[in-house]
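Below you'll find the structure, written out as structure tokens, and then a few comments.
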Amino acid sequence: MAARKRASAADTKPSPPPQTLETTTQIDPPIAPPKKALIFKFCLFFSIPYFYLLYQHYTIEQELRRSILINASLCVTGFFLTQRMIPVASRYVLKRGLFGFDINKKGTPQGTVKVPESLGIVVGIVFLVLAILFQYFNFTADSNWLVEYNAALASICFMILLGFVDDVLDVPWRVKLLLPSIAALPLLMAYAGHTTIIIPKPLISYVGQEVLDLGWVYKLYMGLLAVFCTNSINIHAGLNGLEVGQTVVIASAILIHNLMQIGASSDPEYKQAHAFSIYLVQPLLATSLALLSYNWYPSSVFVGDTYTYFAGMTMAVVGILGHYSETLLIFFLPQVLNFLLSLPQLSGYVKCPRHRLPRFNPETGLLTGTRDGTLINFYLRMVGPKSEKTLCIHLLLVQALGCCFCFMLRYLLAGWYK
């Protein structure tokens, strides 16, 4: 949920024509240009370790490396296509009255600017085009992974549709919880993988076996994971760049994790599962970076629930089909904390306002934490007032530290836990 106030009917109602012989046409100004320097710095910072792992540190089969690079090449094209399409889509959504006002800038000139809403639809469309085109280069008609790959795309596409419906209709919060459950159905019905879990070594003596088959309970867990990932991105929001920024950080960690698992394994099926994850996360990262160039502070577009639902479902899908859902949940550590802080209000035990945002002081330009149960407000209560940009950077650093903690935990527990 972005930090915006949606336009009311009074906001979009045309004013009566002036009593003059000449009439003027009100044209909304174009959105600000993308922040290319920010994206360039991130790409430079991330690409060096990523391609070092791909080419130098690990010995990866030539065919698998070729598929990853083809996918990456498509993603570069998708990045520039997304950047070109966002200004075009912005004009259309403004014409249809789909815009909002930035609450965190209320009382300043920026707070009166109409910001185009639901630009996550552009990212979702380009992502689907890239993922579908990639099938031509990588999958054959009899591929074992093709059914699950298309089922994953169907779930993601379903989630984009439902997210856009939510942006347009603004459905109640309790209904939002059901939307990911519906969107996950294609994946759950087509899932043909194992439904077993490996028992941690310290617990084997108590359980009596090393591998436990959960059956339908495992599929229920998959559905709940999709619901959590999708809604956790949606409720850990409210700052310019936070929704897309946390997705970029988690997606980057997922890519590094997948390369590490491919390089350390000798099992072809295990490698293919993690390569499957890379094929979907690289387009997510590329299109999200294009959106971040417009959504970073000061934001010239809002991503809408369309993007948060799409990003959460995509990461849930790759975690499920890549068989690393435990690692994915640790990557989502800040989102787990935000959910726990939000639970009293989300459950109705404590009154939940429409917007649970920090309080903005237009005189100082700083945000102050309220008593609402969100990680944003909790952080502000701990460290004191911050500007919106500084606060977003701090929260993204917390997200990155959570991902680093996951890698450290896996390293320390390797060989002992599993």
Side-chain angles (χ1 to χ4, degrees), residues 1-3 34-50 52-53 104 229 232-257 260 281 284-286 288-299 303 307-308 311-312 315 327-342 356-358 360 365-370 372-412:
M1 184 181 298
K35 303 166 184 66
K36 296 181 180 179
L38 170 73
I39 306 305
F40 176 77
K41 291 176 183 177
F42 174 83
C43 291
L44 190 64
F45 175 80
F46 173 73
S47 60
I48 293 176
Y50 184 68
Y52 170 75
L53 292 177
N104 288 334
C229 291
S232 65
I233 297 290
N234 191 40
I235 65 176
H236 185 40
L239 305 176
N240 289 174
L242 181 57
E243 298 97 319
V244 192
Q246 62 185 296
T247 301
V248 166
V249 173
I250 298 173
S252 302
I254 289 174
L255 286 177
I256 297 294
H257 169 71
M260 293 173 66
V281 176
L284 172 65
L285 180 59
S288 295
L289 283 172
L291 181 58
L292 184 63
S293 67
Y294 289 98
N295 186 242
W296 188 251
Y297 183 92
S299 178
V303 301
Y307 177 79
T308 57
M315 290 187 284
T327 300
L328 182 66
L329 283 176
I330 303 178
F331 285 152
F332 272 76
L333 206 55
Q335 286 74 19
V336 172
L337 178 58
N338 184 64
F339 173 73
L340 294 176
L341 291 171
S342 302
R356 301 185 301 152
L357 298 173
F360 176 69
L366 301 179
L367 296 172
T368 305
T370 66
D372 289 315
T374 65
L375 183 58
I376 295 175
N377 287 306
F378 176 78
Y379 187 83
L380 284 173
R381 292 197 300 268
M382 294 291 293
V383 302
K386 297 288 181 185
S387 67
E388 184 176 3
K389 182 178 180 181
T390 301
L391 177 59
C392 184
I393 293 173
H394 283 203
L395 292 174
L396 294 182
L397 288 175
V398 170
Q399 187 77 59
L401 288 174
C403 294
C404 292
F405 172 75
C406 178
F407 287 119
M408 182 182 69
L409 196 63
R410 287 185 59 91
Y411 175 78
L412 294 176

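Predicted model, so just to flag it, every value in this text is computed and none were measured.
Contact between Ile376 and Ala237 at its shortest, heavy atoms only, is CD1-O, 3.2 Å. Taking every heavy atom of both residues into account, Cys406 and Thr327 meet most closely at SG-CG2, 3.5 Å. Ser293 and Ile39 get closest at one heavy-atom pair: CB-CG1, 3.6 Å. Nearest heavy-atom pair across Trp296 and Cys392 is CZ3-SG, 3.8 Å. Considering all non-hydrogen atoms of both residues, Lys386 and Leu380 come closest at N-CD2, 3.8 Å. Here the shortest heavy-atom pairing between Val281 and Ala251 reads CG1-O, 3.5 Å.
Residue Asn295 holds its CG atom at 6.0 Å from CD of Glu243, rounded to the nearest 0.5 Å. Between atom NE2 of residue His257 and atom CD1 of residue Ile330 there is a gap of 9.5 Å, rounded to the nearest 0.5 Å. In this structure, CD1 on Ile235 lies 5.0 Å from CG on Asn338, to the nearest 0.5 angstrom. Taken from CG in Leu366 to OG1 in Thr368, the straight-line distance is 7.0 Å, to the nearest 0.5 Å. Of the inter-residue distances, the one linking Phe378 atom CZ with Leu341 atom CG reads 6.5 Å to the nearest 0.5 angstrom. Between the CG atom of Leu396 and the CG atom of Leu391 there is a distance of 9.5 Å, given to the nearest 0.5 Å.
In this structure, Lys389 places its NZ atom where only 12 or fewer heavy-atom neighbours from other residues, nucleotides or ligands lie under 6.0 Å away. Atom CE of Met408 is surrounded by more than 12 heavy atoms from other residues, nucleotides or ligands within 6.0 Å. Heavy-atom contacts from other residues, nucleotides or ligands closer than 6.0 Å to CZ of Phe42 number more than 12.
Between the side chains of Arg356 and Ser342, a donor-acceptor pair is found at a separation under 3.5 Å. A donor-acceptor contact closer than 3.5 angstrom is absent between the side chains of Ser252 and Tyr50.
The closest donor-acceptor contact from the side chain of Lys35 to the backbone of Leu292 lies at 3.5 Å or more, if one exists at all. Remark: side-chain polar atoms of Asn234 are not paired, donor with acceptor, to backbone N or O of Thr308 under 3.5 angstrom. The backbone N or O of Cys229 sits less than 3.5 Å from a side-chain atom of Ser232, completing a donor-acceptor pair. Here the side chain of Asp372 pairs no donor or acceptor atom with the backbone of Leu357 at under 3.5 angstrom. Looking only at distances, a side-chain donor or acceptor of Asn240 sits under 3.5 Å from a matching main-chain atom of Ser299.
Residue pairs meeting the side chain to side chain donor-acceptor pair (under 3.5 Å) criterion with at least one member in residues 398-407, sequence neighbours excluded, are Gln335-Gln399.
Annotation: side chain of Met260 is in contact with side chain of Phe407 (closest heavy-atom distance under 4.5 Å). In this structure, the side chains of Val249 and Cys403 come closer than 4.5 Å at one or more pairs of heavy atoms. No side-chain heavy atom of Phe46 sits under 4.5 Å from any side-chain heavy atom of Val248. Counting heavy atoms from C-beta on, the side chains of Phe339 and His236 never come closer than 4.5 Å.
Tyr379 is linked by a ring-ring contact (aromatic ring centres under 6.0 Å, His included) to His394, counting only residues two or more places apart in sequence or in another chain. Contacts of Phe40 classified as ring-ring contact (aromatic ring centres under 6.0 Å, His included), with partners at least two apart in sequence or in another chain: none.
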Evaluate the criterion side-chain contact (heavy atoms from CB on, under 4.5 Å) for residue pair Phe332 and Ile233; output intermediate values, then yes/no.
CA-CA 9 Å; Phe332 272 76; Ile233 297 290; 3.9 Å; yes
Audit row: Thr247, Tyr307, side-chain contact (heavy atoms from CB on, under 4.5 Å) steps and yes/no
CA-CA 10 Å; Thr247 301; Tyr307 177 79; 3.3 Å; yes
Any chance you could lay out the side-chain contact (heavy atoms from CB on, under 4.5 Å) test for Asn377 and Thr374, step after step, and finish with the verdict?
CA-CA 5 Å; Asn377 287 306; Thr374 65; 2.9 Å; yes
Would Leu289 and Cys43 satisfy side-chain contact (heavy atoms from CB on, under 4.5 Å), going step by step from the backbone distance to the final call?
CA-CA 9 Å; Leu289 283 172; Cys43 291; 4.0 Å; yes
